[in-house]
Peer 1: 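The structure's right below; bear with me while I get my questions together.
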Protein chains: 2
Amino acid sequence: MSQTWTISELAKEFGVTPRTIRFYEDEGLVTPQRDGQNRIYDSRDRARLAWILRGRRVGFTLADITEMLNLYDLGDGRETQRVVTLEKCRDRLTALESQRADLDATIDELANFCRLLEDWKAGTPLDEIRRKHNAKLRSVAE
Amino acid sequence: MSQTWTISELAKEFGVTPRTIRFYEDEGLVTPQRDGQNRIYDSRDRARLAWILRGRRVGFTLADITEMLNLYDLGDGRETQRVVTLEKCRDRLTALESQRADLDATIDELANFCRLLEDWKAGTPLDEIRRKHNAKLRSVAE
DNA sequence: GTTTACCTTTACGTAAACGTCAATACCTGG
DNA sequence: CCAGGTATTGACGTTTACGTAAAGGTAAAC
């Protein structure tokens, strides 16, 4: 028999509440088995949960995540179905990549600002420091 | 005189509604000048707006964004203030980088699945294709 | 002069993603 | 046999991030 988990075990492991996991079930994102009335999660449920939560950390809505998970369910395997799925998949990838560009830009600016703060020892006039860095920040900050 | 914009100009440019921009003002994220009762946005407001919206695309809450923008306002320049700001800045960076890791992993899996879909021409048995790819997907999908 | 096209404020509405009881069921140990 | 702990299903509450009228001000255009 392969390993299984209870709801609170998974909740603890992933740092969410059982309520959250039950909510995802209501939304059809996970479909655990039952032992009597208790939920039993297998490794596939666990993997899906991990996927969902990572998606959430990346900023997706549950609707987004639902769609992406549905992409993995290939349906009946008809050719048109495959083509549509592939198309959606690529759209998602494009979105993800542009999101990564945004993320990189944000990281860049924050890292830059970090360096500014590191350079700035008490006594150094602000103007001088700011001159050392490019003007982008100045346009955002005061 | 440097360039200025109306609310609907910026709204159009950034693909949001004027309501959104006014809401950000209510939250103290932008503080445009006024011409009579009409709002006038300068290049600094514009830059802040761009920053806010990029933050939003990356999945931050407005509270997060507020905090990050406040980091840029260096306060009175006292040393302790600088240190605290630097610390927060670094924490943010850490979070951003772990988010980037999540994003990369998500992109990886989706790209992998894309390749699977591309390989799968009608007639090819599913099992055979799945064997070609690693087992991670199988654990998430059906 | 009035229609059109913006702008404004105030205020209530809403969807998403859970939180938070409440009432109930099921074992397990003393 | 009863308390304690964990499970369940409703059902209503809450926060965030705006949407959506309602009611009006101003200024150019016809």
Side-chain angles (χ1 to χ4, degrees), chain A residues 3-42 45-46 48-70 92 95 99 102 106, chain B residues 3-42 45-46 48-70 92 95 99 102 106:
Chain A
Q3 194 173 356
T4 61
W5 296 265
T6 73
I7 193 167
S8 52
E9 280 167 357
L10 283 189
K12 191 176 178 190
E13 175 178 353
F14 289 125
V16 299
T17 67
R19 172 71 178 100
T20 299
I21 300 182
R22 290 194 198 101
F23 177 73
Y24 293 160
E25 183 177 348
D26 285 346
E27 301 293 303
L29 291 175
V30 283
T31 52
Q33 299 306 110
R34 294 290 179 124
D35 167 26
Q37 75 171 353
N38 289 13
R39 292 168 173 82
I40 296 291
Y41 297 85
D42 61 18
D45 295 321
R46 214 183 85 104
R48 285 179 76 97
L49 248 175
W51 212 90
I52 293 163
L53 294 174
R54 198 181 57 197
R56 201 185 58 166
R57 284 196 302 276
V58 173
F60 286 129
T61 67
L62 285 190
D64 288 338
I65 295 173
T66 302
E67 192 200 328
M68 293 167 71
L69 279 177
N70 286 341
R92 275 287 169 213
Q99 187 176 340
D102 281 333
T106 306
Chain B
Q3 195 174 354
T4 61
W5 296 265
T6 73
I7 194 168
S8 54
E9 281 167 355
L10 284 189
K12 190 176 178 190
E13 176 177 353
F14 288 124
V16 298
T17 66
R19 173 70 178 100
T20 299
I21 301 183
R22 289 194 199 100
F23 178 73
Y24 293 160
E25 184 177 346
D26 285 346
E27 300 294 303
L29 291 175
V30 282
T31 52
Q33 298 306 109
R34 295 291 178 125
D35 168 26
Q37 76 171 352
N38 289 13
R39 292 168 173 83
I40 295 292
Y41 297 85
D42 62 20
D45 295 322
R46 215 184 84 104
R48 284 180 78 97
L49 247 175
W51 212 90
I52 293 163
L53 295 173
R54 198 181 57 199
R56 202 187 56 168
R57 283 197 303 275
V58 172
F60 287 129
T61 68
L62 285 191
D64 289 336
I65 295 172
T66 302
E67 192 200 328
M68 294 167 72
L69 278 177
N70 286 340
R92 275 286 168 214
Q99 187 175 340
D102 281 334
T106 306

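Just so you know, these numbers use all the heavy atoms, side chains as well, and skip hydrogens, waters and symmetry mates. Since the model is a prediction, treat every value here as computed from it, not as a measurement. Each chain gets a letter, A, B and so on, in the order its sequence line appears, and its residues count up from 1.
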Peer 1: Among dG19(D), dT8(D), dT6(D), which nucleotide has an atom closest to any side-chain atom of Thr20(B)?
Peer 2: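 Per side-chain heavy atoms of Thr20(B), the pick is dG19(D).
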Peer 1: I need the CZ-P distance between Phe23(B) and dT20(D), as an integer number of Å.
Peer 2: 15 Å
Peer 1: Could you state the atom-to-atom distance from CD of Glu9(B) to P of dC6(C) in whole Å?
Peer 2: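 So the two atoms are 11 Å apart, to the nearest Å.
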Peer 1: When the distance from CZ of Arg22(A) to C1' of dT8(D) is rounded to whole Å, what number comes out?
Peer 2: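 Rounded to the whole Å, the gap is 7 Å.
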Peer 1: dC18(D) C1' sits how many Å from Phe14(B) CZ, rounded?
Peer 2: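 To the nearest whole Å, that distance equals 18 Å.
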Peer 1: If I take atom CG in residue Asp64(B) and atom P in nucleotide dT15(D), what distance separates them, rounded to the nearest angstrom?
Peer 2: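 That distance rounds to 17 Å.
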Peer 1: Among dA7(D), dC18(C), dT9(C), which nucleotide sits nearest the side chain of Thr6(A)?
Peer 2: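 Selected nucleotide (nearest to the side chain): dA7(D).
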Peer 1: Between dT9(C), dC7(C), dA17(C), which one does the side chain of Thr61(A) approach most closely?
Peer 2: dA17(C)
Peer 1: Rounded to the nearest 0.5 Å, what's the gap from CD on Gln3(B) to CG on Asp42(B)? Could you check?
Peer 2: 10.5 Å
Peer 1: In the structure I gave you, are the side-chain heavy atoms of Asp64(B) and Arg92(B) within less than 4.5 Å of one another anywhere?
Peer 2: yes
Peer 1: Whole-Å distance between dT8(C) P and Asp35(B) CG?
Peer 2: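 Those two atoms, CG and P, are 10 Å apart.
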Peer 1: Please figure out whether Gln37(B) or Glu25(A) has its closest DNA chain D nucleotide nearer the 5' end.
Peer 2: Glu25(A)
Peer 1: With a cut-off of under 6.0 Å to the ring centre and 45° to the axis, is Arg48(A) in cation-pi contact with Tyr24(A)?
Peer 2: no
Peer 1: Between dT6(D) atom C1' and Ile7(A) atom CD1, what is the distance in whole Å?
Peer 2: 11 Å
Peer 1: Go through dA7(D), dC18(C), dT8(D) for me and flag the one nearest to the Tyr24(A) side chain.
Peer 2: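 Between dA7(D), dC18(C), dT8(D), the one nearest the side chain of Tyr24(A) would be dC18(C).
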Peer 1: Nearest to the side chain of Arg19(A), heavy atoms from C-beta on, is which of dC18(C), dT9(C), dA17(D)?
Peer 2: dC18(C)
Peer 1: dC18(D) C1' sits how many Å from Arg56(B) CZ, rounded?
Peer 2: 9 Å
Peer 1: Keeping Gln99(B) on the side-chain end and Val58(B) on the backbone end, is there a donor-acceptor pair under 3.5 Å?
Peer 2: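 Yes, Gln99(B) side chain to Val58(B) backbone: donor-acceptor pair under 3.5 Å.
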